[in-house]
Amino acid sequence: MTSDPVIITAAIVGAERSVEQCAALPITPEQLVDAAVESVEAGASIIHLHVRDEDGQPSQRVDIFSKVTDLIRQRCDAIIQYSTGGAVGTTTQDRIAPLVLAPEMGTLSLGTLNFGEDIFENGHDTIIEIAQGLRLNNVVPEVEIFDLGMMETLERYLAQELIPKKFHVDFVLGVPGGLSGTIENLVTLVGRLPKGQSWSAAGLGRYELPLTLHALAMGGHVRVGLEDNIYYRKGELAKSNAQLIERVVRIAKECDRPIATVEQARQMLLA
Ligand code: KMH
Ligand code: ZN
């Protein structure tokens, strides 16, 4: 087993959950900033960022992304990764809009999928438009893979040079409509990656903990947070994003995976 540092990404809010479901969900800019800072203090080096508007609704407004980014940067160093996924139904134009702020990273989902009862639309034209937005603003993509077919899309687009050469891969497993977060699925996906490609695993809901364990054992990186999973354990809601991160840190240390600093994460993913 590798003893390389593990990069922890904190997915602090997402677009799908509400405070009615989990009181710890950060919503306002101040809450998002506090959650980001606490996550970094707990061991995260990447903040996967969605924001909400004044009504608590998911938003891709540039002014809110700008405010939250500035406030995070005033309080800590972190790689800030903007969501270009937004919420289901967000227009491509809105999804790309915050990239003008040139975050260090941004997401790039590689295909359409059923997303619970909704459809997360990522047709070819949308993918290419978002990839161009990333490229124009020098943003390193985190390619989000929700299903095995998206791996084949990644291979095809790489061959066609439709996405930048430098990227990180995140396997987001457990969306109802996508690939579930089983160990077999993770092993299959990782086995298809180009040699040396950096990757992380994000298991949704009950898949979060087992996928974390397996990603650590397989030498990968890990994403956790209330966007992906609002429970600490079955029937017990998480108290904070930091609580979920602190658990990863404890497990990683026991597995001889030191926690990557922000600077190490930059070197590994962005240099
Ligand atoms: N909210 C999901 C529909 C991303 O951040 O890029 C999409 C999502 C992916 O969360
Ligand atoms: Zn997201």
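Atoms within a ligand are numbered from 1 in the order they appear, just like the ligands themselves. Quick caveat: nothing in here was measured; it's all calculated off a predicted structure.
At least one heavy atom of H50 sits less than 4.0 Å from an atom of ligand 1.
Considering backbone and side-chain N/O atoms, E227 comes within less than 3.5 Å of an N/O atom of ligand 1. The shortest N/O to N/O separation between G85 and ligand 1 falls below 3.5 Å.
E54 has a carboxylate O that lies under 4.0 Å from a charged side-chain N of R61, or vice versa, which qualifies the two as a salt bridge. A salt bridge between E30 and K67 is present, with a side-chain N of the basic residue lying under 4.0 Å from a carboxylate O of the acidic one.
Listed here is the closest heavy atom pair of I7 and S45: CG2-OG, 3.5 Å. Scanning all heavy atoms of the two residues, the minimum distance from P5 to R257 falls at O-NH2, 3.3 Å.
Between the CD atom in E263 and the CE atom in M268 there is a gap of 10.5 Å [rounded to 0.5 Å].
Looking only at atom types and distance, the side chain of T107 has no donor-acceptor partner in the side chain of H48 under 3.5 Å away.
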Side chain to side chain contact (heavy atoms under 4.5 Å, CB included) assessment of V68 paired with V33: CA-CA 6 Å; V68 173; V33 175; 4.1 Å; yes
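Close contacts of ligand 1 with T107, meaning ligand atoms under 4.0 Å from a residue heavy atom, involve 4 (C), 6 (O).
Applying side-chain contact (heavy atoms from CB on, under 4.5 Å) to I79 and the options T9, L270, V40, I47 leaves one that passes, L270.
A ring-centre distance under 6.0 Å is found for H124 and Y157.
Protein heavy atom at the shortest distance from atom 3 (C) of ligand 1 is E16 OE2, 3.5 Å. If you check which protein heavy atom lies closest to atom 4 (C) of ligand 1, you get S83 OG, 3.3 Å. Of the protein's non-hydrogen atoms, the one nearest atom 7 (C) of ligand 1 is F120 CZ, 3.5 Å.
For the pair L154/F167, a side-chain contact is recorded, criterion being any heavy-atom separation below 4.5 Å from C-beta on.
Summarising the contacts of atom 1 (N) of ligand 1 with G86, G116, A202, the nearest heavy atom is found in G86.
For the Zn ion (ligand 2), the tally of protein N/O/S atoms lying closer than 2.8 Å stands at 3.
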